[in-house]
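Scroll down for the structure; my scribbles are underneath it.
When a ligand or atom number is given, it counts from 1 through the structure's own listing order.
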Amino acid sequence: MPAPNIDTIVSLAKRRGFVFPSSEVYGGLGSAWDYGPLGVELCNNVKQAWWRWLVYERDDIEGIDSSIILNRLVWKYSGHEATFNDWLIDCRKCKGRFRADKIVDNKCPSCGASDWTEARPFNTMLQTKLGAVADDDPAALAYLRPETAQGIFINFLNVQTTMRRKLPFGIAQVGKSFRNEVTPGNFILRTREFEQMEMEYFVSPTAEHSKLVDYWVEQYLEWFGSLGVNRENLFLYEVPGEELAHYSKRTVDIMYRYFPEREKPWEELMGIAWRTDFDLGTHSKNKLDAEGKRLNPDSTEDLSYFDEAAKQRFYPHVIEPAAGVNRTVLAVLMDAYSEKTNDKGETRVILKLSPQLAPIKAAILPLAKNKPEIVGMAKAIKRSLQPVLRAVYDDTGGIGKLYARQDEIGTPFCITVDHQSLEDEAVTVRDRDTWEQERIKVSDLADHLQKRLKPFPVPESI
Ligand code: GAP
C-alpha cells in the first residue's frame with residue numbers, strides 16, 4: 001500500500017526530519033523546501049546509488065561536475081533564450097496568473113471565471129548579474145542553469161580526449177538546476193530550485209536511436225525497481241510530436257502515480273530523449289546551415305568526432321535520460337510508505353525503504369539505560385559499526401517506542417543490547433518489515449548487516 005496522497009508524506013517528512021518548509025521563521029518562501037538530517041541522507045543515497053550504477057558499474061560512462069553559471073552564449077545557442085518559455089495568461093476577474101497549458105475547461109482555478117488575457121511567453125530561466133556592475137548593464141546578465149545537460153555538451157571534447165573515449169559513451173552529472181516556474185507546487189515535485197541526475201549518451205549518427213531510447217527506458221525501469229518503486233506505479237508516456245522539445249526527435253517520459261487519489265494520477269518522474277546531433281552541432285564553430293552559413297559564429301571549438309574505423313567526421317547524436325533527484329525521492333517515499341497494526345491494535349507507520357536508501361541502517365538500543373555495562377556495550381557497538389554503515393544510538397524511550405520511531409524513518413535493523421549480551425557477547429537484530437528477531441554474535445554483526453543491505457543491480461552494457 002503506497003501513501004494515499006502527497007500530504008501524508010509532507011506531514012511524515014516534517015514530523016520526522018526529512019523535509020521542512022524553507023524560511024519558516026519569516027513566514028516561508030513559496031515552494032522552497034529544506035532537507036533535514038534524514039532527508040539529506042536519503043537524497044545523498046539516491047544520488048550515490050545513481051552514480052554507482054552508471055559511473056562505477058558500467059564501463060562506458062564518465063562523470064563531471066560543471067559550473068551552475070555558464071557563459072550566456074551557451075543559453076543562446078542551446079535555444080533556451082528563445083524558447084524556454086511558459087505561456088502565461090491572466091484572469092481578468094481575479095487577476096490570478098496561470099500557465100495556459102495547465103488550465104482545465106477554460107476555467108480560472110481561483111475564481112472559476114473564463115475571462116482571460118491573450119497568452120504571452122515568459123522565459124523561465126532565473127537571471128542574475130555578474131560582478132559589481134550597474135543594474136541595467138546588459139553585458140552582466142547571466143543565468144542559473146535550467147538543466148545540467150548543457151554543461152556536459154560544452155565539455156564533450158574535454159572528456160572524450162582526456163579519457164580517450166570512443167563512441168558510444170556517456171557523461172553523467174548530478175547537481176542543482178533552477179527554473180522560475182510560474183506555478184510551482186505539490187511539495188518537492190515542482191520547485192524553482194531542484195536537483196537533476198542527467199546522462200548524455202553519445203552515439204554515431206547511424207546508431208539505432210529509437211532502440212537506444214527503449215533500452216534506456218528499460219534500464220531506468222529496472223533501476224527504479226531496485227530503489228523500491230513498484231512497476232505498477234510507473235507509466236510510460238510516448239511524447240507526441242507537437243509536444244516534443246525543439247531538439248528532440250523522440251521522448252519517452254516515465255511517469256509516477258504521484259496523485260493516487262485523483263482521476264489523473266500521473267506526473268513526470270523523468271524523460272528519455274533522442275536529442276539528435278542538435279547539441280554538439282549548435283555549440284560548434286564549423287557546423288553550417290542549409291545555405292552554407294556558420295550556425296555559430298561565437299564558438300571557438302568544433303565538437304565533432306572522428307571515427308577512426310569509418311574514417312569519418314561527424315557530430316554525435318545524443319540519447320539523454322534526465323531524472324529529478326527530488327521527484328525520485330518523493331516517489332521512493334510514497335512507495336515505501338506502509339501501515340501495520342501491532343498486537344495491541346495500534347497502527348504504526350513503517351517506511352519500507354530499500355536498505356541501500358535508508359538514512360540510518362542500524363539503530364543500537366540498550367534494553368536498560370540505567371545499567372552502565374549495557375549502555376557502554378551498546379555505544380561501543382555503534383562506534384564499531386559506524387565506519388561500515390550509518391548507525392545511531394538511542395536510549396530516549398521504552399523499547400516499543402524506540403522500535404516504532406525507527407520503523408517510521410525506515411531503519412532496516414534495530415539492535416538491542418540486553419543483560420544476556422554481557423554474558424554471551426550477542427545481540428538481538430530485529431527486522432523492520434517482518435518484526436522478526438534473531439540473535440547474532442557481536443563479532444559477526446557488521447558482516448551480517450552488510451550482507452542484508454541489498455547490493456545494487458548491475459545492468460548489462462550495450
Ligand atoms: N535536459 C532535459 C531536461 O531538463 P526536463 O524534462 O525539463 O528535461 C528533467 O527535466 C527532469 O528534471 C524532470 O523529469 C524532473 O524530474 C526534473 N524537474 C524538472 N523541472 C523540475 C522542477 N521545477 N522541480 C523539480 N524537478 C524538476
If you measure from each non-hydrogen atom of [X] to ligand 1, which part falls under 4.0 Å: side chain, backbone, both or neither?
X: Leu189; answer: backbone
X: Gln196; answer: side chain
X: Glu200; answer: neither
X: Thr328; answer: neither

Name the one of Arg275, Arg179, Lys176 that satisfies salt bridge (charged side-chain N to carboxylate O under 4.0 Å, His left out) with Glu147?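 Among Arg275, Arg179, Lys176, the one meeting salt bridge (charged side-chain N to carboxylate O under 4.0 Å, His left out) with Glu147 is Arg275.
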Looking at Arg99 and Asp86, is there a salt bridge between them, counting it only when a charged N and a carboxylate O are closer than 4.0 Å?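 A salt bridge is present here (some side-chain N lies under 4.0 Å from a carboxylate O).
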Is it true that Arg231 and Asp335 make a salt bridge, defined as a side-chain N closer than 4.0 Å to a carboxylate O? no
Mind telling me whether His209 and His317 have parallel, tilted or perpendicular rings, with 30° and 60° as the class edges?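 His317 vs His209 ring planes: parallel.
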Could you go step by step and tell me if Tyr237 and Glu243 meet the side chain to side chain donor-acceptor pair (under 3.5 Å) rule? CA-CA 12 Å; Tyr237 177 64; Glu243 285 179 25; 2.9 Å; yes
Using a strict 4.0 Å cut-off to heavy atoms of [X], name the atoms of ligand 1 that fall inside it.
X: Glu268; answer: 6 (O), 13 (C), 14 (O)
X: Glu320; answer: 1 (N), 2 (C)
X: Met270; answer: 14 (O)
X: Glu147; answer: 1 (N), 2 (C), 3 (C), 4 (O)
X: Glu198; answer: 1 (N), 2 (C), 3 (C), 4 (O)
X: Thr191; answer: 22 (C), 23 (N), 24 (N)

Between Ser177 and Gln196, is the side chain to side chain donor-acceptor pair (under 3.5 Å) condition met? List the steps. CA-CA 7 Å; Ser177 290; Gln196 291 185 307; 2.8 Å; yes
Taking only non-hydrogen atoms of Met255, do any sit less than 4.0 angstrom from ligand 1? no
4.0 Å heavy-atom contact, Asn326 with ligand 1: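 Distance cut 4.0 Å: Asn326 fails for ligand 1.
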Hey, is the main chain of Trp116 close enough, under 3.5 Å, to the side chain of Arg92 for a donor-acceptor pair?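 Present.
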The criterion is side-chain contact (heavy atoms from CB on, under 4.5 Å); which residues satisfy it with Glu268, sequence neighbours excluded? Asp253, Met255, Arg327
Measure from atom 4 (O) of ligand 1 to every heavy atom in Arg179, Arg275, Glu267 and give the option owning the shortest one.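 Comparing heavy atoms across Arg179, Arg275, Glu267, the nearest one to atom 4 (O) of ligand 1 lies in Arg179.
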Indicate yes or no: does an N/O atom of Ala323 lie under 3.5 Å from an N/O atom of ligand 1? no
Do Gly324 and ligand 1 have an N or O pair less than 3.5 Å apart? yes
